[in-house]
Amino acid sequence: MTTSPLAVEKDPASLGFDPARLARIDDHFRTYVDDGRLAGWQVVVTRRGQVVHSSEAGLRDEEAGLPVEQDTRWRIYSMSKPVTSVAALILWERGLLELTDPISRWLPAFAEPRVYLRGSAAAPLTMPSPEPIRVWHLLTHTAGLTYGFHHAHPIDEAYRAAGFEWGVPPGLDLAGCVDAWAQLPLVHTPGTEWNYSHATDVLGRLVEVVSGRSLDDFLDEEIFAPLGMTATGFVADDPSRTAALYARVANGSRVRADAFGAPFLEPPTWLSGGGGLVSTAADYHRFTQMLLRGGELDGVRLLGSRTVAYMGRNHLPGGADLEAVGRPLFAEMPFDGVGFGLGVSVVLDPTRYRTLSSAGELAWGGAASTAFWVDPSEEVTALFFTQLMPSSAYPIRSSLRRLVYQALVDEPPRAS
């Protein structure tokens, strides 16, 4: 008999958790299924490398009556970003690029970026950028790129007009996307502000050019195979086990969103390092454990421990938080007291964050309400998977933090 990688193998009490309080996680989120807010979900919580809570509820496909199971495949959308960021840092550690290198060294379409000054999306007034886009800007979302779905800036509209909102123009590959984005103005001078964007997709193309390998091959060979992430990739390896995607619409009801979910069920025309991966809880658990252990897992080291620590520092201009330098996100909680590192958010001040957390916590989530965090101080990781867009529909992430930390009852670590 093979033990599930997500089985609880150790008494949670021996790792500082109150089992009765951990059960509140299931009690709380089961109501989301009972009242129809979610079709189904999966949660995994660990401490010191041991799974202390693993559960699932509801249906992965409501219409087909198929339950959520431990090996359900989930579209993780922007939880792809930390993976692609790790790929770039692998190349950085090998001396193949510098964080300060202008990306035009490998992506010449970005040789002369222009910055928006004023005007409409159709006729913007721009100026030459006084600063090139550097590798560091892609990792930190300070490059000045954007997303068409933001609906907050004239250049967001320009992206939509060019065919970039929740997808890309038909037939365009990653190289073609990057060339198209390079022709659009930047929303700000690189390095001056934070704006969530296609930056990680451009980073994925950079990984391809620098490494001489396609992004899917690089991730498979350098991250997924070494970590044993056997079910993670740019297309669902088993569509029959892949959860259906749903969306909350204006009247508050939930509808099936096959038009958004279908692209993950067949090989894509472009490889989105920023949002294109499908994974399982067991696989992403392996990835978070690697981060918690400082770049190593089960004798396999992807990154040096100092690199992971550097990844988890706040790299925003002037040491500010996302509320100070960022534009609004599709998120159900504010970002007061939260900075941004190299591909992940970083909690700076839990008090200003207004939720239970630890300074130094690394985290991010996906558009379909998936989420993870890694807390080096408490040696805790948590994962939540479901398939509901947008991620701002319900306070899932803040509720999960509260429910996990209220169950942790041992002596808190001393502040350093």
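Every value quoted in this text rests on a predicted model; they were computed, and no experiment measured them.
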Mutual orientation of the aromatic rings belonging to Tyr116 and His153 [parallel < 30°, tilted 30-60°, perpendicular > 60°]: perpendicular
Electrostatic pair Asp71-Arg241, nearest N-O below 4.0 angstrom: yes
Nearest heavy atoms of Trp74 and Thr386, plus distance in Å: CZ3-CA, 3.6 Å
Tyr196/Tyr147 aromatic ring centres below 6.0 Å: yes
Arg352/Glu323 salt bridge by N-O under 4.0 Å criterion: no
Heavy-atom closest contact (Pro395 atom, Tyr32 atom, distance): CD-OH, 4.0 Å
Taking every non-hydrogen atom, the tightest pair across Ser54 and Val8: N-CG2, 3.9 Å
Residue pair Thr280 / Arg73: nearest heavy atoms and the distance that separates them: CG2-CD, 3.9 Å
Arg94 atom CZ, neighbour heavy-atom count above 12 within 6.0 Å: yes
Test of ring centre spacing under 6.0 Å for Phe29 and Phe384: yes
Contacts of type ring-ring contact (aromatic ring centres under 6.0 Å, His included), residue Phe340, not counting sequence neighbours: His141, Trp194, Trp364
Any donor-acceptor pair under 3.5 Å from Asn314 side chain to Ala320 backbone: yes
Ring-ring centroid check Phe372 Tyr284, cutoff 6.0 Å: yes
Check: Thr269 side chain, Leu172 main-chain N or O, donor-acceptor pair, under 3.5 Å: yes
Backbone N/O of Leu277 and side chain of Ser80: donor-acceptor pair under 3.5 Å: yes
Salt bridge (Lys or Arg N to Asp or Glu O under 4.0 Å) partners of residues 252-268, not counting sequence neighbours, each pair once: Asp61-Arg256, Glu62-Arg254, Glu63-Arg256, Arg256-Asp258
Ionic contact status for Arg60 with Glu69, cut-off 4.0 Å: yes
Taking every non-hydrogen atom, the tightest pair across Asp375 and Ser358: OD2-OG, 2.7 Å
Residue pair Ala199 / Leu145: nearest heavy atoms and the distance that separates them: CA-CD1, 3.8 Å
Main-chain N/O of Lys10 paired with Ser14 side-chain donor or acceptor, under 3.5 Å: no
SB check Glu379 Arg47 (cutoff 4.0 Å): no
Residue list, salt bridge (charged side-chain N to carboxylate O under 4.0 Å, His left out) with Arg301, at least two apart or on another chain: none
Worked verdict on Arg401 versus Glu361 for salt bridge (Lys or Arg N to Asp or Glu O under 4.0 Å): CA-CA 11 Å; Arg401 277 181 170 81; Glu361 173 200 290; 2.6 Å; yes
Sub-6.0 Å ring centroid separation between His315 and Tyr310: yes
Value rounded to 0.5 Å, distance of CZ in Phe335 from CG in Leu322: 6.0 Å
